[in-house]
Amino acid sequence: MKYISTRGQAPELSFEDAMLTGLARDGGLYVPAHIPTLSAEEIAGFAGKPYEEVAFHVMWPYVSGSFSEEEFKGAIARAYADFGHAALAPLKQLAGNHFLLELFHGPTLAFKDFAMQLIGQLFQTALKRRGDRVTIVGATSGDTGSAAIEAFRGLDAVDVFILYPHGRVSEVQRRQMTTPNEPNVHALAVDGDFDDCQAAVKDMFNDFDFRDSVHLAGVNSINFARVLAQVVYYFTAAVSLGAPHRKVSFTVPTGNFGDIFAGYIARQMGLPIEQLVVATNQNDILHRCLSGEGYFKGETMPSISPSMDIQVSSNFERALFYAYDQDGAAVAQLMDELKQGGGFNVSQGAMQALAEIYTSGRASEEETLATIKSELAASGELLCPHGAVGVKVAKEHLHESVPMVTLATAHPAKFPAAVEDASGVFPPLPPRMADLYERSERVTRITNDLGAIEDHIRKHTKP
Ligand SMILES: *Cc1c(COP(=O)(O)O)cnc(C)c1O
């Protein structure tokens, strides 16, 4: 499989190169040159199979040519060996036709472990074979960073630098980033918000001297390998609810549009997904855009679901690429308008294409808190604030004939203050990480200045 850029001006790459590179050199995002499909029989055959086996079948067409079957199966097995639930992504029933897909049983208690653990194994395999090393730089609103650090800690072919907005991540998120003591792990607390961190990472990728000198690699959700790993659980969930013989809908708490875009890929591969519902918190640029108001940046407002506190949603570029019939020049123009003028309008044709696939809703802070409380009473499920945003919006899109699956993206113990505030119940950490609050922390506070950040990285990268 070859990978092409959403802006049409970067060289086509193999899966391995696209994975190791992250952002394309024309500023675009890599997508597969075509989306492979699975027949109804193949999808039906996933019923009752272990998660790892489905994972191999769903992802293999995208990675073959870059990894051998054995390498890829080994990477999958190692990636998911440390999860705290035998089903990896268990499905729970909330109400008659509403289900919760628990994606928080990985080592950092958020869905990002599904992709990051696999990427860690694939990087290691590829770099070892090449005798190469890379510097991974990522921006995080909390969960990506902890998942990346957990996935790459101790790997000798990789230095990992994670930029997070100082004071704007939860204590559990921060501790998951600052307590690993391997020398290849570097947590950077930036004086700014998540969009500043994300912009700094993008700027580093566009600084080709710097990019080449430290062998920069990205594992943010712009990395297609991340999206790919997330496609799998749409299949396992839908199949356990009767797909491909029955349609299923999904509601996805969304920030950077990576997780929900994986749902789009699953749908294009042949999974009968009826609705893909985008659920945003008060930072609702995606909801506004899908409601026909154009894509215009506002101020990022800190919320109790901080992993969705963004105004520029990186992976939405991929959705636009398909909505604009894979016209890279049109996408490049929109992204230029976004950079120059803070936003753009979506053409009528593209809006129509988006509306065929996505719908959306938003949850205010009050509604999120109220949903945590009411869901605990209704089903006994203690939701994290991100999952609660999803459940609130999902309830506005329920249909009798099609089961709805809401993605629970994090464990409630990752956001204990908001959960306790809403429900009166303090969610304990799972026993395997109960000593997190006692471990000592290591972090560098840094100003929101590209030069300062690049200097720090140069100085702390192993040659
Ligand atoms: C990252 C994250 C999200 C948003 O996912 P995207 O792929 O960026 O849309 C939602 N919830 C949690 C807990 C997250 O960590």
Side-chain angles (χ1 to χ4, degrees), residues 43 46-47 51 54 87-105 111 114 230-255 257-281 284 286-287 290-291 305 308 319 354-364 367-368 370-410 412:
I43 296 171
F46 294 161
Y51 186 94
V54 178
L88 302 190
L91 200 56
K92 286 213 178 147
Q93 191 164 15
L94 295 181
N97 219 11
H98 190 187
F99 298 82
L100 193 71
L101 183 60
E102 291 188 350
L103 299 174
F104 51 68
H105 295 285
F111 82 92
F114 276 91
Q230 292 163 6
V231 175
V232 177
Y233 46 69
Y234 286 89
F235 277 93
T236 59
V239 167
S240 50
L241 291 173
H245 314 297
R246 193 176 177 212
K247 289 191 169 186
V248 179
S249 290
F250 288 89
T251 299
V252 187
T254 307
F257 213 84
D259 207 6
I260 190 152
F261 184 74
Y264 169 80
I265 296 279
R267 190 174 184 272
Q268 295 311 102
M269 289 180 75
L271 190 64
I273 296 179
E274 173 90 353
Q275 299 185 87
L276 275 175
V277 186
V278 172
T280 75
N281 66 20
D284 59 354
L286 288 164
H287 175 54
L290 291 168
S291 307
S305 45
M308 292 150 62
L354 289 170
E356 276 170 27
I357 297 152
Y358 306 103
T359 50
S360 66
R362 106 196 259 279
S364 69
E367 290 166 334
T368 305
T371 302
I372 294 174
K373 185 172 177 178
S374 63
E375 195 54 54
L376 183 63
S379 68
E381 279 305 310
L382 193 53
L383 299 168
C384 103
H386 307 78
V389 166
V391 165
K392 186 265 174 187
V393 172
K395 284 185 169 172
E396 299 162 357
H397 292 86
L398 293 179
H399 288 286
E400 250 170 45
S401 56
V402 181
M404 173 66 79
V405 177
T406 297
L407 274 52
T409 49

Can you name the closest pair of heavy atoms from [X] and [Y] and give their distance?
X	Y	result
Thr371	Lys392	OG1-CB, 3.5 Å
Ile372	Ala388	CG1-CB, 3.6 Å
Ala237	Leu91	O-CD2, 3.9 Å

inquiry  = Could you check whether any side-chain heavy atom of Phe114 comes within less than 4.5 Å of a side-chain heavy atom of Leu88, counting everything from C-beta outward?
reply    =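 Yes, their side chains come closer than 4.5 Å.
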
query = Is there side-chain contact between Val391 and His98, with heavy atoms separated by less than 4.5 Å?
reply = yes

Test item: Asn97 side-chain N/O and His399 main-chain N/O as donor-acceptor pair under 3.5 Å =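 The answer is yes, because a donor-acceptor pair under 3.5 Å joins these two groups.
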
request  = Please answer whether the main-chain N or O of Ser305 pairs with a side-chain N or O of Asn281 as donor and acceptor at a distance below 3.5 Å.
outcome  =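 Confirmed, Asn281 side chain pairs with Ser305 backbone.
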
request  = Report the C-alpha separation of Tyr264 and Tyr234 in whole Å, then their side-chain angles, then the decisive distance to 0.1 Å, and conclude whether the side chain to side chain contact (heavy atoms under 4.5 Å, CB included) test is met.
outcome  = CA-CA 10 Å; Tyr264 169 80; Tyr234 286 89; over 6 Å; no

Lys395 bridged to Glu375 by N-O distance under 4.0 Å = yes

query = In terms of the angle between their ring planes, are Phe46 and Phe235 parallel, tilted or perpendicular, with boundaries placed at 30° and 60°?
reply =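 Ring orientation, 0 to 90° scale: perpendicular.
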
request  = Applying side chain to side chain contact (heavy atoms under 4.5 Å, CB included), run through Tyr233 and Asp259 and close with a yes or a no.
outcome  = CA-CA 10 Å; Tyr233 46 69; Asp259 207 6; 2.6 Å; yes

Atom pair NE2/CD of His397 and Gln275 - distance to nearest 0.5 Å = 6.0 Å

